[in-house]
Amino acid sequence: MSVNNKRVFYVKYLAHPIYIDILKARPDVRLDRIENESPEDFYAPILSAAHVYQIGAARDELAPHFHVDAALLKRTPNLLLVSSNGAGFDPVDVEACTAAGVLVVNQSGGNAHSVAEHALAMMLTLSKRIIQSDRRLRRERDVNRNDLVGNEVEGKTVGIVGLGNVGRRIAALCKGLLGMKVLAYDPYLSAEVMAERGGEKVELDELLRRADFVSISCPLNKGSRGMISVREFGLMQPHAYFITTARGFIHDEDALLQALRDQRIAGAGLDVWSKEPPPPEHPLLQFDNVLASPHTAGVTKEARQNMGRIAAEQVLDTLDGKRPPRIINPEVWPRYVERFRQAFGVLPG
């Protein structure tokens, strides 16, 4: 077996050290680490030789010149695979990768339990007004508890936008644990599949009108960018809460700000932002009925280890000629097969 003839690199961080442990067990794989601040004379040869780029999923944690775009792809002529650390792939121009014959994969499902639990925690915290109670107690004396009457979630309706790995787990928790009614919007799934996943298929407008909680768990793409804006917030009920653990830019932050100022909705739970992390002076952070976290829904010890493991296994399987299970751009496969053959002398399966 050739030593270090398959080249993998990453910038700054990985989901978990288990990724390194798994790849180190393979003598035919070389793993290089680059820092955001690494000089060009250090990283240029690594990029030029690389077959795999294991990339961070958070766009603001990665230096712009390490985002995967047409410019970087020109510097990585041997690149076959871009593998995201997480379910998202914000720093990756998928169309540019497809044009270059490069596969893009993610680790969808690896942190689904953690994200679903986070969404549920936000729903309960907002509905029971726990965050508002906490803030009042820290600021005031003799707080009147009758000013902080909350609501039970049992019997309420949750509307889930995107019934994939995360959405279906939110549905299971809400329906099975809390006895909630689950509406779901997902244009890529049939009513039958959505019913199997615990949701009643409806159109987005109906979901917004009927739901007591609107939970966003779909990926960011051309179809979902800006999907929740002024019109959509206007359809929500005044007592409803908006929860998102998906990606920034799916909802319009200015539109949400206005909806909160006008008290058109009851509050929001926000784990994702247009800039991450948001600055302390961000206007949405000034509301006591906004529960905020810095894109940490999927950041648990268990999820990080799981993501690192499945990322490493998927990369090695791909380098061994297998078809990876989580391809974002499957249309590139025929061209990728030929490029793989040119690189390693065999056809992938």
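FYI, the numbering just counts along the sequence from 1.
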Quick one: does any side-chain atom of Q286 pair with a main-chain N or O of H282 as donor and acceptor, under 3.5 Å?
yes
Does the side chain of F340 reach to within under 4.5 Å of the side chain of V346, using non-hydrogen atoms?
yes
Answer with yes or no whether the side chains of D271 and S293 bring together a donor and an acceptor at under 3.5 Å.
yes
Quick one: are N111 and T300 in side-chain contact, heavy atoms under 4.5 Å?
no
Quick one, Y53 with V11, criterion side chain to side chain contact (heavy atoms under 4.5 Å, CB included). Give me CA distance, side-chain angles, the key distance, then yes/no.
CA-CA 9 Å; Y53 181 3; V11 178; 3.5 Å; yes
Is there a donor-acceptor contact under 3.5 Å from the side chain of R339 to the main chain of L79?
yes
Evaluate the ring planes of H51 and F344, with Trp represented by its six-membered ring, and classify them as parallel (under 30°), tilted (30 to 60°) or perpendicular (over 60°).
tilted
Assess the residue pair Y43 and R75 against the criterion (side chain to side chain contact (heavy atoms under 4.5 Å, CB included)); give the C-alpha distance rounded to whole Å, side-chain angles, the decisive distance to 0.1 Å, and a yes or no.
CA-CA 10 Å; Y43 70 74; R75 308 191 69 176; 3.8 Å; yes
So, does R169 use its side chain to make a donor-acceptor pair with the main chain of N165 at under 3.5 Å?
yes
Without hydrogens or angle criteria, can the side chains of Q258 and D262 be said to hold a donor-acceptor pair below 3.5 Å?
yes
For H113 and E302, which I'm curious about, is there any donor-acceptor pair between the side chains at under 3.5 Å?
no
Between K6 and D320, is the salt bridge (charged side-chain N to carboxylate O under 4.0 Å, His left out) condition met? List the steps.
CA-CA 10 Å; K6 298 173 180 176; D320 287 341; 3.6 Å; yes
Quick one, L256 with F287, criterion side chain to side chain contact (heavy atoms under 4.5 Å, CB included). Give me CA distance, side-chain angles, the key distance, then yes/no.
CA-CA 12 Å; L256 174 58; F287 290 85; over 6 Å; no
Are there over 12 heavy-atom neighbours, none belonging to E35, within less than 6.0 Å of that residue's CD?
yes
Can you name the side-chain contact (heavy atoms from CB on, under 4.5 Å) partners of A63, sequence neighbours left out?
N36, H65, F66
Is there a side-chain contact between R7 and D32, using heavy atoms and a 4.5 Å cut-off?
yes
Tell me if a side-chain donor or acceptor on T125 pairs with a main-chain N or O of A121 at a distance below 3.5 Å.
yes
Please check if any side-chain donor atom of N85 sits under 3.5 Å from a side-chain acceptor atom of Q107, or the reverse.
no
